[in-house]
Structure formats: structure tokens, C-alpha cells
Amino acid sequence: MASSDETSLVWLRDDLRLDDNPALAEAAGLGLPMTVLYILDEESEGIRPLGGAARWWLHHSLAALAADLESKGSRLVLRRGKSDAIVRKLAGQTKAGHIFWNRRYSQPERTIDAGLKDWAGENGIHASSFQANLLFEPWTIRTGAGGPYKVYSPFWRACMASADIRDPLDAPAALPEPAASGPGVPTSDTLASWKLLPTSPDWSTGLAETWEPGEKGAADRLADFLDGPVEDYGTGRNIPGTEGTSRLSPHLRFGEVSPFRVWREIRRRHPGKIPADVGIFRSELGWREFNWHLLYHNPDLATRNFRPAFDNFQWGRVSRSELAAWQQGKTGYPLVDAGMRQLWQTGWMHNRVRMAAASFLVKNLLTDWRIGEEWFWDTLVDADAANNPANWQWVAGSGADASPYYRIFNPVTQSKKFDADGSYLRAFIPELQGLEGKQIHEPWTAGADGYPAPLVDLAESRERALDAYQKLKDE
DNA sequence: AGTAGATTTGT
DNA sequence: CAAATCTAC
């Protein structure tokens, strides 16, 4: 029985937006005084703490979200600690009769959410969860035999053949007043007290110049991309020196834009047949869906080879200095180095270059993919629990529908092919500014002051990798 | 979503 | 003889 001072509680997590936010929309529709909560949880069992770049992003995204909520009459409550304890306590203090959230798909998070749903049921509180962050929930897409998919193409075909993708919801025009907790509204941590931003040194200058975290930044990025680059996506996405990709990944990671909104905006611009280039972009959203499908059905994707045969793989002993050279962009191979420096400076790396840089670490340096996965987790603004490990396993060949073992990128061939004019290399490697024409792809033939000599011989290290992978095949 | 080496094609 | 195409790993 609802009492007159009953309230609602919306718990936001990886959905830092007002647009197409089913949990928020449902709560707003109730009209009860409403608490909007975000929890920084680094304590619950199994939770993987955010990397440094993601912490920077989260700070700015929450600041933007708080301002957006306030402009509509609401307020963001920030709390830090164990999620289940905080939600239970706050629900009690605010006399919440209804709790709303949008679903998430990692094992530790699902365990917390399921526990809270049980607790709510036992305490007469209505807890409702919604589909908001994936177009297809991982358990709904099944093979003919009833199991999860292990190959991308049939997975995406099955998605496309399944039920229609729902329309996105508009952001609520206004939001209910904040719920009271005893004498006033619930206290909130200050964002600054979470110390998410780097100090001494502040390495975030390049990130701030590159990104606008928050819902407005996400919407602008989506519009800019769909109004131009997407029409030439098939080729444009491979040229790292241009703005040929959407750069939506961190916005999707933090839920500042809904995949349902992206889908609808594409459809709105192409009501008839979807052009091939636009279809390729949509299929990249499909890879995001596939990777979450994989994680849902394989919760230890970040630590365990998807293909158990790889448990016997003989990774090389990578020296501290070799790893540091890769991390710092000092391998002597311009495309790899430009990519690793772009990552360090901006928190992001072009996908074509990610493949080349990851291939170099895993195959030419024969490094366990988990080492690379951890570095990317710490330095990427867009790393999430599914896509980062799934993509590393794809490169290593240990994953589902993975790259074949003999696919070893040649960073010189790749940069000649995809950065022919060297504009990407020049943008991130000052030591190579002076090199003329094609010399920039092979600086050792010209000599460039301050730029390192190649860390390993490409042909030799390639043969070593092929031998190691061959051994695995022979077992 | 690859590379390298061999073979064929085209100017 | 360079570029496009084919093929095995």
C-alpha cells in the first residue's frame, strides 16, 4: 500500500543520459518525488575498478549529467561504496516504494542487481529493470541448437531476423522534484571528493582537447558522423589520419547515447534501403552486441582464453623494457608508435591502428594478450568489460570467431596502405616531422633524430610467431 | 579484418 | 617491369 510520502529511486550506472532512458522515464512518469543516484562502487566483489582514462571521463560525464538533471528540476546524488548497502539504506531513508534501473550484463554487476531485486521483493518495494544499453539482450539470441553464438556473422544475421528494434524514448520534458530524506534531500558526495581527475602530473590535457563527455557531446558527435563520414564509412574508417570513424565508443561505453537512438537516427536518414557503407557501420554496432553476448555467456572473458587450447600457448618472455617501448610508443615502427601515443594523449586509438598495435604486441613480441588488455583498460576512455577483452582475444586468435593465427599485421605495409601521406604518423610523432615523402614509413632508412631503431626485426619475429602458433596447432 | 611469394595482366 | 590477382600459411 503506497503511503502519501512514498518516493521513487532511479539508480543510474552505465546509462548517463536523459534521452532514451527507460528507467528514468518510468520513474518520471510516476510523478513521485524522485532520487537519482549514481554509485562509485570499487568495493563489491568481482568489480573491476575503472582505468585512469575512464575515471577522467566519468568525472566529466557525471558533471554534465548533474547539470542536465538540475535543468529539469531534479538532482544527482553521488555515493561511493558497496552498491547494495547504499541502495538499501537510501531506499529506506527516502521511503522509496519503487526502484528503477537499466540492465547491465557483467557477472559481478548482475549478481548485485539480482540480490537487490530479491531484497526489494521481500520488503514490498517494486524494483523494475529495463533494456537500454544493448539492442539485443544476450540471452535472447540463440542458435538453432539453443546455445549462444560463437561466430559473428550468424549471430548478427539472427539479430537482424529477430524482433524489431524498439523506438527510443524521448527525454522527459520535466523531472519530479527530488525526494526528501528525513529533514531534507539526501546528501551527496561532491564529485571533487572522488578525485577521479589526474593530478601531479595532469595527463588529461589531450583528452580534454579531444572529447566532450556527456550527453550533448555524444549527440553532437552522432550528428556530425551521420551527416557526413558514415556515407563513406567502408573506406573512410580505415584511414586513421581522417575523421572517418564515429568516435562514439566512449559515449556508448558510458551510455551517454543509446544504441536505440543511434539505430533510429540512421533509419531516419535512410528510410528506404540502407546504403552499403551505412550497413557496415551498423554491423560495427553488431560487433558491440556480439562481444556483450560473448561476455554474458563467458563471464571470465578478460582473464581466460575463450578457446582452451590456448592455455598451452607458449608466450614469450617480454622484457620490462620491451613492454615499456610498446606502451610509450617507442618501438621504432611508426604506425604502432603513433597509435600508442594517440592512446596516451587522447585516451583513444583509431581501430585500424589498434589492430596493428595489438598484433605487434601479441605476435611480433609474443606477449600474452592479457598484458595488452590491461594497458588498454587503463588508458582507453572507451574500454568496457566485453569489448576490450573480446577484441584482444580476437587479435590473439584465442577468441570466438577470432583472427586466424597467420594474420600478422606488418606495421610498415599497413602504414603505407592506410596512411600513405603519413599525416597520421606526423600528427603523433614529432621526431618524424622532417622526413620527406615515403621515408616516414621506414625512418631507419633515413635517420630521424631522437626516434628509436626498430625494437625487433619484422620478418624474424613474424617467423617466431608462426612457429609458436604452429606448435599449438600440432598439439 | 593479412602477408609474402608466385603468377598473370597491362602499359 | 609495375600493378593486379592468386594462393598457402
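First the proteins, then the strands, lettered A, B, ... as listed; each starts at 1. All figures in this text were calculated on a predicted structure; none of them were measured in a lab.
- Taking A/Trp194 as the reference, nothing meets the ring-ring contact (aromatic ring centres under 6.0 Å, His included) condition, with sequence neighbours excluded.
- Taking A/Arg55 as the reference, A/Glu42 meet the salt bridge (charged side-chain N to carboxylate O under 4.0 Å, His left out) condition, with sequence neighbours excluded.
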Taking only nitrogen or oxygen atoms into account, show me every contact under 3.5 Å that the protein makes with nucleotides 3-5 of chain B, one pair per line with its distance.
from	atom 1	to	atom 2	distance (Å)
B/dT3	OP1	A/Asn410	N	2.8
B/dT3	OP1	A/Asn410	O	3.4
B/dT3	OP1	A/Gln414	NE2	3.3
B/dT3	OP2	A/Gln414	NE2	3.3
B/dA4	OP1	A/Asn410	ND2	3.1

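- Rounding to whole angstrom units, CG of residue A/Leu335 and P of B/dA1 are separated by 15 Å.
- Rounding to whole angstrom units, OH of residue A/Tyr469 and C1' of C/dA8 are separated by 19 Å.
- A/Arg237 comes within 4.0 angstrom of sugar-phosphate atoms only, judged by non-hydrogen atoms across all strands, and of no base.
- Taking the centre of each ring, A/Trp287 and A/Phe290 come in below the 6.0 Å mark.
- With sequence neighbours left out, the salt bridge (charged side-chain N to carboxylate O under 4.0 Å, His left out) criterion links A/Arg253 to A/Asp14.
- The 12-atom threshold is not exceeded at CD of A/Gln314, counting heavy atoms of other residues, nucleotides or ligands nearer than 6.0 Å.
- Qualifying ring-ring contact (aromatic ring centres under 6.0 Å, His included) partners for A/Tyr333, counting only residues two or more places apart in sequence or in other chains: A/Phe360, A/Trp444.
- Heavy-atom distances under 4.0 Å link DNA chain B to A/Trp287 of residues 274-296 of chain A, given in residue order.
- Here the P atom of nucleotide C/dC9 and the NZ atom of A/Lys473 are 8 Å apart, to the nearest Å.
- Aromatic rings of A/Phe418 and A/Tyr424 (six-membered ring for Trp) have centroids beyond the 6.0 Å cut-off, not under it.
- When heavy atoms are screened at a 4.0 angstrom cut-off, A/Asn238 is found touching the sugar-phosphate backbone but no base atom.
- A 6.0 Å sphere centred on NZ of A/Lys117 holds more than 12 heavy atoms belonging to other residues, nucleotides or ligands.
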